[in-house]
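Quick note: numbers below take in every heavy atom, side chains included, and nothing from hydrogens, waters or symmetry partners. Naming: A, B, ... by sequence-line order, numbering from 1 per chain.
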Protein chains: 2
Amino acid sequence: MARAGLSREVVVAQAAAIADAMGWDRLTLAAIADSLGVKLPSLYKHITSLDGLRRDLAVAATRELAETLAAAAVGRAGPDALAAAANAYRSFAVAHPGRYAATVRAPAPEDAEHREAADAVMRVVFAVLSGYGLAGDDAVDAARALRASLHGFVALECGGGFAMPRAPERSYHRLIEAFDQALLRWPSSSEGG
Amino acid sequence: MARAGLSREVVVAQAAAIADAMGWDRLTLAAIADSLGVKLPSLYKHITSLDGLRRDLAVAATRELAETLAAAAVGRAGPDALAAAANAYRSFAVAHPGRYAATVRAPAPEDAEHREAADAVMRVVFAVLSGYGLAGDDAVDAARALRASLHGFVALECGGGFAMPRAPERSYHRLIEAFDQALLRWPSSSEGG
DNA sequence: CAATGTAGGCTAATGTAATTAGCGTAATGG
DNA sequence: CCATTACGCTAATTACATTAGCCTACATTG
């Protein structure tokens, strides 16, 4: 039997492609093995389990998202940075739905590598918010609100949750515009101790 | 064999309980049958398939959510209605995570019953927005932004996505406050044709 | 170059879950 | 009371994840 030249990286990359094509929830080892031209059990020489593979894919996808966001926001500030990052976020989700879904998986508490990848995403978010002069609890609240808004939008959009006949791009643009305005007034909101 | 007194409704209700307890994604016919004290194949006398059951559960849960939101918002208007509905939304998700996840499933295009349930939710949202004088594309954009923000927040929160040591309730309250302010200025945003 | 050890493929077997086929009994309506 | 239907069962099939254990390509080393 000729060697197939697999590795953990190759398997994860193939898993990403299949997750993008078939959906994160329908990712199966059978499909991955098939598309790599090997039998299913062979994968276990490179992964520990399906869940382990999902975690590896989550880490890889989260890093990819962080780099994408950072690349979009670099050299920009304020509303400019916000719009660039938000558009990059949605584009990533639309272009790579499986990988995007993987980024939503929360890191296990003791998983330093995964945490670091998730932190890298949050660093970009906080960098964008710093352009609005936000820090401390203000920034945490704003970061949560921003991530929630963007994630909620793309999750609903990708899930077919927008039934009305209006282009999602328009609504998204409007959302970001409104968020920008909200950030300008953010620090003046009641700061409950 | 004594009859177990099953029905589609009973099976769906049990599925809801199990989805809440184990998670929407880990809902299995085996668990449902077990908890009802019957063998797995017996369920097929009342459901068409696992996916059919998930759809039935989605309809039931979506109706429940619509009623919950309507009950919370009735008799209120403006910021009051917004806060009441938003809090009811998050409470529902936290109290019934499985049912909440079911409500996110988009109706199939030809599924009138499911569509009607989803419309009932949107009617409450539009009713809240009408208190801000919004209609037409303005209202559609605002409705999408609102649903995205709320869904994104509870999805991330329930998924353990908030790592920072700050109470999610605070961040949520802040989000709603900011959204209220955004709605006041909403119609003045650029209305791109 | 030959011996050898390991890495990386394989087949076979197990367990869980969804689904279908077909059997037998409880409930119900003439 | 009998016939029909409703409803639960067992048995079998399929798909998938997982483990055990085999067998060979290939790199290392004498």
Side-chain angles (χ1 to χ4, degrees), chain A residues 1-61 97-99 101-102 105 108 111 114, chain B residues 1-61 97-99 101-102 105 108 111 114:
Chain A
M1 310 279 167
R3 298 260 172 131
L6 297 189
S7 69
R8 200 180 120 278
E9 287 72 26
V10 169
V11 174
V12 170
Q14 196 68 24
I18 290 181
D20 284 341
M22 320 231 290
W24 168 251
D25 43 327
R26 297 205 204 157
L27 182 64
T28 79
L29 293 183
I32 297 168
D34 254 19
S35 71
L36 286 171
V38 299
K39 300 295 178 174
L40 196 157
S42 307
L43 297 178
Y44 281 87
K45 294 291 177 172
H46 308 280
I47 65 176
T48 68
S49 69
L50 174 60
D51 194 64
L53 173 61
R54 291 183 108 104
R55 175 269 178 199
D56 289 347
L57 177 50
V59 174
R99 270 172 271 188
R105 178 183 165 127
D111 189 339
H114 195 175
Chain B
M1 310 279 167
R3 297 261 172 130
L6 297 188
S7 69
R8 201 180 119 279
E9 287 71 26
V10 169
V11 174
V12 170
Q14 196 68 25
I18 290 180
D20 284 341
M22 320 229 293
W24 168 250
D25 43 326
R26 298 206 203 156
L27 181 64
T28 78
L29 294 183
I32 298 168
D34 254 19
S35 70
L36 286 171
V38 300
K39 300 294 177 174
L40 195 158
S42 307
L43 297 178
Y44 282 87
K45 295 291 176 174
H46 308 280
I47 65 176
T48 69
S49 68
L50 174 59
D51 193 64
L53 173 61
R54 291 183 108 104
R55 175 267 176 200
D56 289 348
L57 177 49
V59 175
R99 269 172 272 188
R105 179 183 166 127
D111 188 340
H114 194 174

Peer 1: Name the pairs: protein N/O against N/O of nucleotides 3-7 of chain C, kept only if under 3.5 Å.
Peer 2:
residue, atom, partner, partner atom, Å
C:dA7, N3, A:R3, NH2, 3.0

Peer 1: Quick one, A:I47 and A:V12 - any side-chain contact, counting heavy atoms below 4.5 Å?
Peer 2: no
Peer 1: In whole angstrom, give the distance that lies between atom CG of A:D51 and atom P of D:dT19.
Peer 2: 12 Å
Peer 1: Expressed as a whole number of angstroms, how long is the span from A:L36:CG to C:dC10:P?
Peer 2: 11 Å
Peer 1: Compare the minimum distances between each of C:dT11, C:dA17, D:dC9 and the side chain of A:K39, then state the nucleotide with the smallest one.
Peer 2: C:dT11
Peer 1: State, to 0.1 Å, how close A:A58 and A:A102 come at their nearest heavy-atom pair, and which atoms those are.
Peer 2: CB-O, 3.4 Å
Peer 1: Among the nucleotides D:dA17, D:dA11, C:dA18, which one has an atom lying closest to any side-chain atom of B:T28?
Peer 2: C:dA18
Peer 1: How close or far is atom P of C:dA17 from atom CG of B:L53, stated in whole angstroms?
Peer 2: 15 Å
Peer 1: Pair A:D25, B:D25 - check side-chain contact (heavy atoms from CB on, under 4.5 Å), show working.
Peer 2: CA-CA 9 Å; A:D25 43 327; B:D25 43 326; over 6 Å; no
Peer 1: Could you measure the distance from the NZ atom of B:K45 to the CG atom of B:L6? Nearest 0.5 Å is fine.
Peer 2: 12.0 Å
Peer 1: Output the rounded distance in Å from CG (A:D25) to P (D:dA17).
Peer 2: 13 Å
Peer 1: Look at the side-chain N and O atoms of B:S42 and state whether any lies under 4.0 Å from the OP1 or OP2 oxygen of D:dC9.
Peer 2: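 So the side-chain polar atoms of B:S42 do come within 4.0 Å of the phosphate oxygens OP1 or OP2 of D:dC9, strictly under.
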Peer 1: Taking side chain as C-beta onward, heavy atoms only, is B:L53 less than 4.5 Å from B:L29?
Peer 2: yes
Peer 1: Among C:dA17, C:dT19, C:dG9, find the nucleotide with the atom closest to the side chain of A:V38.
Peer 2: C:dG9
Peer 1: Using the test side chain to side chain donor-acceptor pair (under 3.5 Å), find all partners of A:T28 that sit at least two apart in sequence or belong to another chain.
Peer 2: none
Peer 1: Got a sec, which residues hit side chain to side chain contact (heavy atoms under 4.5 Å, CB included) with A:S49, two or more places apart in sequence or on another chain?
Peer 2: A:D51
Peer 1: Near DNA chain D, counting only heavy atoms under 4.0 Å, which residues of residues 43-50 of chain B show up?
Peer 2: B:K45, B:H46
Peer 1: Has B:R26 got a side-chain atom pairing as donor or acceptor with B:I18's backbone, closer than 3.5 angstrom?
Peer 2: no
Peer 1: Closest heavy-atom contact between B:S35 and B:I32?
Peer 2: OG-O, 3.0 Å
Peer 1: Rounding to 10°, can you tell me the angle the first-five-pair axis of the helix from C:dC1-D:dG30 to C:dG30-D:dC1 makes with its last-five-pair axis?
Peer 2: 0°
Peer 1: Answer whether the closest heavy-atom distance between the side chains of A:D111 and A:R55 falls below 4.5 Å.
Peer 2: yes
Peer 1: Quick one: B:R26 CZ to D:dC16 C1', roughly how many Å, whole number?
Peer 2: 17 Å
Peer 1: Select from B:L40 and A:L40 the residue whose nearest nucleotide in DNA chain D is closer to the 5' end of that strand.
Peer 2: B:L40
Peer 1: What is the nucleic acid contact for B:G5, judged by heavy atoms within less than 4.0 Å: base, sugar-phosphate only, or nothing?
Peer 2: sugar-phosphate
Peer 1: Nearest 0.5 Å please: distance from the NE2 atom of B:H46 over to the CG atom of B:D56.
Peer 2: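 These two atoms lie 13.0 Å from each other.
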Peer 1: B:L29 has an atom CG; how far is it from atom P of D:dT14, in whole Å?
Peer 2: 19 Å
Peer 1: B:A16: which residues meet the side chain to side chain contact (heavy atoms under 4.5 Å, CB included) condition with it, sequence neighbours left out?
Peer 2: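 B:L57, B:R99.
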